[in-house]
**Student:** 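Structure in structure tokens, see below.
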Amino acid sequence: MELIIIGSGPAGLSAGLYGKRLGISCLIIEGKNPSLATLTEKLENIPGVPKISGFDFINNLKEQVKSFGVSIIPSDCKGIIEKDGLFEVHCDDKFYTAQSIIIATGASLKRL
């Protein structure tokens, strides 16, 4: 694998889409916690999209990424080890190896 993307919010999914369009083999690791975008009732700041729920936006983006042949694996990452110029990503009970990694885990809500 050339690229592993950790995170399946808008940034991670976009990275997978554009990576694949450049001919890079990509794998997206989707954590068990949903993207904050999915919790947004209404998105109105996406060029060319008048109004959409965050849930629908993320689902549409996932389907588009999958249509390009990018795999999305539901798993939580436990750690990353650099070994012999490659990165080993430990997720639940499996290891995935790649030449490069993008960490796009986004933000988390902090309540007052």
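We use all heavy atoms of the structure for the numbers below, so side chains are in, but hydrogens, waters and symmetry mates are not.
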**Student:** Determine, step by step, whether Ile101 and Ile6 satisfy the side chain to side chain contact (heavy atoms under 4.5 Å, CB included) criterion, reporting the C-alpha distance in whole Å, the side-chain angles of both residues, the deciding distance to 0.1 Å, and the verdict.
**Tutor:** CA-CA 8 Å; Ile101 293 179; Ile6 301 169; 4.0 Å; yes
**Student:** Does Leu3 share a hydrophobic cluster with Leu86, counting links as ILVMFWY side-chain heavy atoms below 4.5 Å and allowing steps through other members?
**Tutor:**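 No, Leu3 does not connect to Leu86 through the hydrophobic network.
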**Student:** Please find the pair of heavy atoms, one from Ile29 and one from Cys77, that lie closest to each other, and give the distance.
**Tutor:**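 In this case the closest contact between Ile29 and Cys77 is CG2-SG, 3.7 Å.
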**Student:** Atom OG of Ser71 and atom NZ of Lys20: how far apart are they, to the nearest 0.5 Å?
**Tutor:** 8.5 Å
**Student:** Distance check, rounded to the nearest 0.5 Å: Ser53 atom OG versus Lys42 atom NZ?
**Tutor:** 11.5 Å
**Student:** Closest heavy-atom contact between Val70 and Cys26?
**Tutor:**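 The answer is CG1-O, 3.9 Å.
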**Student:** With rounding to the nearest 0.5 angstrom, report the CZ to CG distance, Phe55 to Leu39.
**Tutor:** 10.0 Å
**Student:** With heavy-atom distances below 4.5 Å as the criterion, would you say the side chains of Ile81 and His90 are in contact?
**Tutor:**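 Side chain of Ile81 against side chain of His90, heavy atoms only: no contact under 4.5 Å found.
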**Student:** Could you state whether Ile103 and Ile28 fall into the same hydrophobic cluster, counting links through intermediate Ile, Leu, Val, Met, Phe, Trp or Tyr residues with side-chain heavy atoms under 4.5 angstrom apart?
**Tutor:** no
**Student:** I'd like to check Leu43 versus Lys51 (side-chain heavy atoms, cut-off strictly below 4.5 Å). Are they in contact?
**Tutor:**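 SC-SC contact between Leu43 and Lys51 ruled out.
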**Student:** Please check: side-chain N/O of Glu2 versus main-chain N/O of Ser25, any donor-acceptor pairing under 3.5 Å?
**Tutor:** yes
**Student:** To the nearest 0.5 Å, how far apart are CG in Asp56 and OG1 in Thr38?
**Tutor:**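 Asp56 CG to Thr38 OG1: 11.0 Å, rounded to 0.5 Å.
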**Student:** Under a 4.5 Å side-chain heavy-atom rule over Ile, Leu, Val, Met, Phe, Trp and Tyr, are Leu13 and Ile4 clustered together?
**Tutor:**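 Different clusters.
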**Student:** Indicate, with yes or no, if Ile80 and Ile102 share a hydrophobic cluster defined by side-chain heavy-atom contacts under 4.5 Å among Ile, Leu, Val, Met, Phe, Trp and Tyr.
**Tutor:** no
**Student:** For the residue pair Gly31 and Asp76, what are the closest heavy atoms and their distance?
**Tutor:** CA-OD1, 3.4 Å
**Student:** Can you establish whether the number of heavy atoms outside Glu41 located under 6.0 Å from its atom CD is more than 12?
**Tutor:** no
**Student:** Are Val65 and Ile46 linked, directly or through other ILVMFWY residues, by side chains that come within less than 4.5 angstrom of each other?
**Tutor:**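 Yes, same cluster.
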**Student:** Does atom CZ (Phe68) have a neighbourhood of more than 12 heavy atoms from anything else shown, all under 6.0 Å?
**Tutor:**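 Yes, CZ of Phe68 has more than 12 neighbouring heavy atoms, counting only those of other groups under 6.0 Å.
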**Student:** Given side chains that start at C-beta, do those of Asp92 and Lys32 come closer than 4.5 Å, heavy atoms only?
**Tutor:** yes
**Student:** Are more than 12 heavy atoms from other residues, nucleotides or ligands located less than 6.0 Å from atom CZ of Phe87?
**Tutor:**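 Counting neighbours around CZ of Phe87, more than 12 heavy atoms of other residues, nucleotides or ligands fall under 6.0 Å, so yes.
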**Student:** Begin from the C-alpha positions of Gln64 and Leu17 and carry the test side chain to side chain contact (heavy atoms under 4.5 Å, CB included) through to its verdict.
**Tutor:** CA-CA 8 Å; Gln64 184 180 18; Leu17 177 66; 4.0 Å; yes
**Student:** Could you grab the distance from atom CG of Asp93 to atom OG of Ser75, nearest 0.5 Å is fine?
**Tutor:**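 Result: 7.0 Å between the selected atoms.
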**Student:** What verdict does the side chain to side chain contact (heavy atoms under 4.5 Å, CB included) test give for Tyr96 and Leu27, after you've listed the backbone C-alpha separation in whole Å, the side-chain angles of each residue and the deciding distance to 0.1 Å?
**Tutor:** CA-CA 9 Å; Tyr96 300 97; Leu27 170 69; 3.7 Å; yes
**Student:** Might you point out which heavy atoms bring Leu61 and Ser14 nearest each other, and give the distance in Å?
**Tutor:** CD2-OG, 4.3 Å
**Student:** So which heavy atom on Thr40 is nearest to which on Leu36, and how close?
**Tutor:**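 Closest approach of Thr40 to Leu36, heavy atoms only: OG1-O, 3.4 Å.
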